[in-house]
**Student:** 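Before I ask anything, here is the structure I am working with.
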Amino acid sequence: MTQATIAFQRPPKLHPEQALWSQQEVEALYDLPFMELVFRAAEVHRQHFDPSRVQLSTLVSIKTGGCPEDCGYCPQSVHHETPVENQPMMTVEEVVEAARHAKANGAGRFCMGAAWRGPKDADLEKTLNMVQQVKALGLQTCATFGLLKDGQAEKLKDAGLDFYNHNLDTAPDKYADIIQTREYEDRLDTLGKVRGAGLSVCCGGIVGLNETREQRAGLILQLANLDPQPESVPVNNLVKVTGTPLDGAEELDWTEFVRTIAVARLTLPKSYIRLSAGRREMPEAMQALCFLAGANSIFYGDKLLTTGNPDVDADRALMDKLGLQPL
């Protein structure tokens, strides 16, 4: 089996769109006047994408709760007392029906998530049929199953998986404050397995974890310097859930979230930048600024794993107001 190498460093003499970013350069983008930053990001967005088109994904939790990881933001962890209960894995029929419903509502990609540290081989075998049947509906397929072992990414690829999601979550120097049960390098190892199998990468992070602006820049820096860059970059605004360690996190100012979208667009010019968790709490005007700043993908449907999301009718109404069309 061939495993790709995920690297943060690149030779300096490359095409400008593939140039190595430094921490100072990313911080300098964050420090631009707000309107100037959004304007620059909008310009770059238009160089690579149709600004009137938005990629729609639907995310379904096929196995909820009981996760052995201790991620400080996650209500599915067994380490936290939260309202989320452990549930058995969905059947293939239930997943396929959810995918049909998502496609009927306009989604182009169907994402399946499971609350595991990583899939056991028996668990993975059950998901391969799900992937095959969702793919047969004409949808792009994505999975987020945690850490992968040797050979598992290849099995998912052979079953028809298009994207594998595995987020870096936060900057390397903030990571240990959020998660203690897995190392940052574990995440890079899984990303290497995903690339080695020929899958597209969905990789982003979360803001609002009581991190500094420098640490937000550090997260974007790592994403931008992945080689190659992720095809899809979800940017999550922390959804605070009772019982999790981050329930009392300081609220992130809305302009800082829009800045993060803009900086992501400038440093990841060809990636789809997705408005992910936390969008239900965002006013329409804030979402509109995010689209202007380069966001061109959203999760579409009334639920993201265990947290709420704007309902389909609300999203359709907003897209109509902004003149946006599904990709």
**Student:** Could you tell me whether Lys135 and Asp162 make a salt bridge, using a distance below 4.0 angstrom between a side-chain N and a carboxylate O?
**Tutor:** yes
**Student:** If you measure from the Lys or Arg side-chain nitrogens to the Asp or Glu carboxylate oxygens, is any gap between Glu231 and Arg195 under 4.0 Å?
**Tutor:** yes
**Student:** How close do Asn236 and Ser276 get, heavy atom to heavy atom, and via which atoms?
**Tutor:** OD1-CB, 3.0 Å
**Student:** Output, in order, the C-alpha distance, side-chain angles, deciding distance and verdict of side-chain contact (heavy atoms from CB on, under 4.5 Å) for Leu238 and Asn210.
**Tutor:** CA-CA 10 Å; Leu238 176 67; Asn210 286 331; over 6 Å; no
**Student:** As an exercise, state the distance from CD1 of Ile220 to CG of Leu268, rounded to the nearest 0.5 Å.
**Tutor:** 7.0 Å
**Student:** Indicate the atoms forming the closest heavy-atom contact of Cys203 with Leu226, along with that distance.
**Tutor:** SG-CD1, 4.3 Å
**Student:** Check the pair Phe291, Leu275 against side-chain contact (heavy atoms from CB on, under 4.5 Å), reporting the backbone distance first and the verdict last.
**Tutor:** CA-CA 9 Å; Phe291 290 125; Leu275 291 182; 4.2 Å; yes
**Student:** Using side chain to side chain donor-acceptor pair (under 3.5 Å), reason through Gln325 and Ser52 one step at a time and then give a plain yes or no.
**Tutor:** CA-CA 6 Å; Gln325 298 293 326; Ser52 69; over 6 Å; no
**Student:** Is Asp177 salt-bridged to Lys174, cutoff N-O under 4.0 Å?
**Tutor:** yes
**Student:** Check whether more than 12 heavy atoms from other residues, nucleotides or ligands sit under 6.0 Å from atom CD of Glu81, and answer yes or no.
**Tutor:** no
**Student:** So, applying side-chain hydrogen bond (donor to acceptor under 3.5 Å, both in side chains) with Ser297, which one of Arg53, Arg274, Arg109 is it?
**Tutor:** Arg274
**Student:** How long is the gap from CD1 on Ile298 to OH on Tyr272, to the nearest 0.5 Å?
**Tutor:** 13.5 Å
**Student:** Do Pro119 and Leu148 have side-chain heavy atoms sitting under 4.5 Å apart?
**Tutor:** yes
**Student:** Testing the 3.5 Å rule here: is there a donor-acceptor pair between the side chains of Asp70 and Ser77?
**Tutor:** no
**Student:** Determine, step by step, whether Met286 and Val258 satisfy the side-chain contact (heavy atoms from CB on, under 4.5 Å) criterion, reporting the C-alpha distance in whole Å, the side-chain angles of both residues, the deciding distance to 0.1 Å, and the verdict.
**Tutor:** CA-CA 8 Å; Met286 179 180 170; Val258 178; 4.3 Å; yes
**Student:** Report, as yes or no, whether the 6.0 Å neighbourhood of atom CD on Gln23 holds more than 12 heavy atoms from other residues, nucleotides or ligands.
**Tutor:** yes
**Student:** Any idea which heavy atoms bring Arg216 and Tyr30 closest together, and the distance?
**Tutor:** CB-OH, 3.5 Å
**Student:** Once you round to the nearest 0.5 Å, how far does CG of Asp50 lie from CG of Leu324?
**Tutor:** 9.5 Å
**Student:** Test side-chain contact (heavy atoms from CB on, under 4.5 Å) on Gln152 and Tyr164; report intermediate values, then the result.
**Tutor:** CA-CA 11 Å; Gln152 290 183 329; Tyr164 194 82; over 6 Å; no
**Student:** Within 45 degrees of the axis of the six-membered ring of Phe299 and under 6.0 Å from its centre: does Arg279 put its NZ or CZ there?
**Tutor:** no
**Student:** Is Asp320 salt-bridged to Arg316, cutoff N-O under 4.0 Å?
**Tutor:** no
**Student:** Test of understanding: with side-chain contact (heavy atoms from CB on, under 4.5 Å), list the residues that count as partners of Asn165, not counting sequence neighbours.
**Tutor:** Cys142, Thr144, Asn167, Cys202, Pro234
**Student:** Give the minimum heavy-atom separation between Ile62 and Thr127, together with the two atoms involved.
**Tutor:** CD1-CG2, 3.9 Å
**Student:** With a distance cut-off below 6.0 Å to the six-membered ring centre and an angular limit of 45° from the axis, does Arg259 pair with Phe34 as a cation-pi contact?
**Tutor:** no
**Student:** What's the separation between atom CD1 in Ile206 and atom OG1 in Thr260, rounded to the nearest 0.5 Å?
**Tutor:** 13.0 Å
**Student:** Could you check whether Arg40 pairs with Glu43 (Lys NZ or Arg NE/NH1/NH2 to Asp/Glu carboxylate O, under 4.0 Å)?
**Tutor:** no
**Student:** Hey, is Arg213 close enough to Asp31 for a salt bridge, meaning N to O under 4.0 Å?
**Tutor:** yes
**Student:** Any ion pair linking Glu154 and Lys193 (charged N to carboxylate O, less than 4.0 Å)?
**Tutor:** no
**Student:** How about CD on Glu250, more than 12 heavy atoms from neighbouring residues, nucleotides or ligands closer than 6.0 Å, or not?
**Tutor:** no
**Student:** Rounded at 0.5 Å granularity, tell me how far NZ in Lys126 sits from CG in Asn129.
**Tutor:** 12.0 Å
